[in-house]
Amino acid sequence: VYQNVMVLWELYGPRVEDYRQLLGRVISPPTPDAKVAVVETRFTLDQPGHYRLRAATTDLTGRSTVVWKEFKLGDAHP
């Protein structure tokens, strides 16, 4: 992704209706010689279950990137 400083974070789960849009921030923006930016978001979970975290971004040229991470909290059953 070329010259981007924003990421949209979304958290899904454990139930279908448990959707949250999360706030994030850029910790280290990309520099011309190092084309990597570091971004983070923080959140708390109070229910066991299966979750999916989605991070999406679009650069100045219109290319988009989406990354999904799935994880389980506690003693959730499949």
Let me confirm one number: the CZ-CD distance from Phe43 to Gln21, rounded to the nearest 0.5 Å.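 One gets 14.0 Å once the value is rounded to the nearest 0.5 Å.
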Could you state the interatomic distance from CH2 (Trp9) to CZ (Arg42), rounded to the nearest 0.5 Å?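 Separation between the atoms: 11.5 Å.
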Member of Arg52, Glu70, Arg20 meeting the side chain to side chain contact (heavy atoms under 4.5 Å, CB included) criterion with Tyr12: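 Only one option passes, and that is Arg52.
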Using modelled atom types and a 3.5 Å cut-off, is there a donor and acceptor pairing between side-chain atoms of Thr41 and backbone atoms of Leu23?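 Present.
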Please report the shortest heavy-atom distance between Gly74 and Pro48, naming the atom on each side.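 Gly74 and Pro48 have their closest heavy atoms at CA-CB, 4.2 Å.
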Shortest non-hydrogen contact between Tyr51 and Gly13, atoms and distance: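 Here Tyr51 and Gly13 meet closest at CE2-O, 3.1 Å.
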Less than 4.5 Å apart, side chain to side chain, heavy atoms only: is that true for Gln47 and Leu73?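 Heavy-atom side-chain distance check fails, nothing below 4.5 Å.
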Is there a side-chain contact between Leu45 and Leu11 in this structure, where contact means two heavy atoms from C-beta onward sitting under 4.5 Å apart?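 Yes, their side chains come closer than 4.5 Å.
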